[in-house]
Amino acid sequence: GDHDKCVDIAKDQVRDGAHMLDLNVDYVGRDGAADMAALASRFATASTLPVMIDSTEPAVIRAGLEHLGGRCAVNSVNYEDGDGPASRFGRIMPLVKEHGTAVIALTIDEQGQARTTADKVRIASRLVDELVGDWGLRTSDIIVDCLTFPIATGQEETRRDGIETIEAIRELTAKYPGINTTLGVSNVSFGLNPAARSVLNSVFLHEATQAGLTSGIIDAEFADASSEVDTSAPYAESEQAREVTGVDMDELPDRIDVGEQTGIDQEGEVSREAELASDGGETDKDEPDVDDPRDIAASEPRMDPTAGS
């Protein structure tokens, strides 16, 4: 792959205001560990930002951690195949503990991805309690992803997905003071036209931040729409919002009112995506399709890149 091109993409993300670089080299048919070692060693000298090692394969995660100084974060752990020694959770967590990293924890268990507030909080609590109690992490080392799903599919069962996620963040933040949270924000608007996505992403980001979200996976370009929307009135009642999006917002399911702003403020952490694939492809400026949340590159929350080992 074109490793130098990947480094150039990373530098672009730094200039655009990223707070963390997500490094994902998983590609079918390639040697992920070798690719990770090659890129991580370059990132070690090309950027001062902390790096998120984004992979589901322990060997790839180890290669990244062994070539990066300072403190990294690992994306991610979950209970998709349980929590036994042979599970991904059981094989990744020893690396997290050995290298003193932070970790993304997805609200996924043996039954699948959590959709309701109750299930999101239940799985997140199981993860936090095990990560702190059994693996010695601090609560602030854990970044919980309560998962975002599209709300404009027209299906009745998806109508409340955005609200369920926001309420899960609110409950989790209250239950575990100091916990960090993140979301793949743009998933919520998948299926809408680009202008509608831009505005809905900003509204959703604002509401999630008010609930306690500490980081967001989002392209900064898609948060700029907040300056174009009249935020002095409820979102669905704003004629200007209709002009910006080209759709009648009353038709969106379970719309959320806007407060004083629609973008995250300086107390939070948002920056544009930094997808770095070892094949040297450009980062797609369009919002990503919804698939597995682990496939979306992230700029993650505040943490001290020099802490830990």
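Throughout, numbering of the chain's residues begins at 1 and tracks the sequence.
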Handout entry: Closest approach of L172 to C146 (non-hydrogen atoms, all atoms of both residues)
Key = CD2-SG, 4.2 Å
Problem - Check: T181 main-chain N/O paired with S215 side-chain donor or acceptor under 3.5 Å - result: yes
Handout entry: V103 and I92, any side-chain heavy atoms less than 4.5 Å apart
Key = no
Exercise for the section: Could you verify whether a donor N or O on one side chain and an acceptor N or O on the other, from T182 and D145, lie under 3.5 Å apart? Expected result: no
Exercise for the section: Walk me through it: do D35 and V60 pass the test side-chain contact (heavy atoms from CB on, under 4.5 Å)? Expected result: CA-CA 8 Å; D35 284 338; V60 176; over 6 Å; no
Handout entry: Under 3.5 Å donor-acceptor, R88 side chain and T56 backbone
Key = yes
Exercise for the section: Starting at CG of D54, measure out to CG of D26 and round the result to the nearest 0.5 Å. Expected result: 7.0 Å
Handout entry: 4.5 Å side-chain heavy-atom contact, D83 and E130
Key = yes
Practice task
Could you tell me whether the side chain of R197 and the main chain of S186 form a donor-acceptor pair under 3.5 Å?
Solution key: yes
Problem - Whether N180 side chain and S140 backbone form a donor-acceptor pair below 3.5 Å - result: yes
Handout entry: Main-chain N/O of Q155 paired to R159 side chain as donor or acceptor, under 3.5 Å
Key = no
Handout entry: 4.5 Å side-chain heavy-atom contact, V77 and L106
Key = no
Practice task
Return yes if a side-chain donor-acceptor contact under 3.5 Å exists between S189 and N201, otherwise no.
Solution key: yes
Exercise for the section: Decide, yes or no, whether a salt bridge links D8 with K5 under the criterion of side-chain N to carboxylate O below 4.0 Å. Expected result: no
Practice task
May I ask you to say whether D16 pairs ionically with K11, meaning some side-chain N is under 4.0 Å from a carboxylate O?
Solution key: no
Exercise for the section: May I ask you to decide if R170's main-chain N or O and T173's side chain share a donor-acceptor pair within less than 3.5 Å? Expected result: no
Exercise for the section: For the pair S202 (side chain) and S198 (backbone), establish whether a donor and an acceptor sit closer than 3.5 Å, ignoring hydrogens and angles. Expected result: yes
Practice task
Kindly say whether T165 contributes a backbone atom to a donor-acceptor pair with the side chain of K120 at under 3.5 angstrom?
Solution key: no
Exercise for the section: Establish, yes or no, whether the cationic atom of R126 lies under 6.0 Å from the six-membered ring centre of Y79 and within 45° of the ring axis. Expected result: yes
Problem - H19 side chain near L49 side chain, heavy-atom distance below 4.5 Å - result: no
Handout entry: ILVMFWY cluster, V121 and I163 together (side-chain gap under 4.5 Å)
Key = no
Exercise for the section: Determine whether the side chains of E164 and T116 contain a donor N or O and an acceptor N or O closer than 3.5 Å. Expected result: no
Handout entry: Any F149 side-chain heavy atom under 4.5 Å of V188 side chain
Key = no
Problem - Charged N-O contact under 4.0 Å between E171 and K175 - result: no
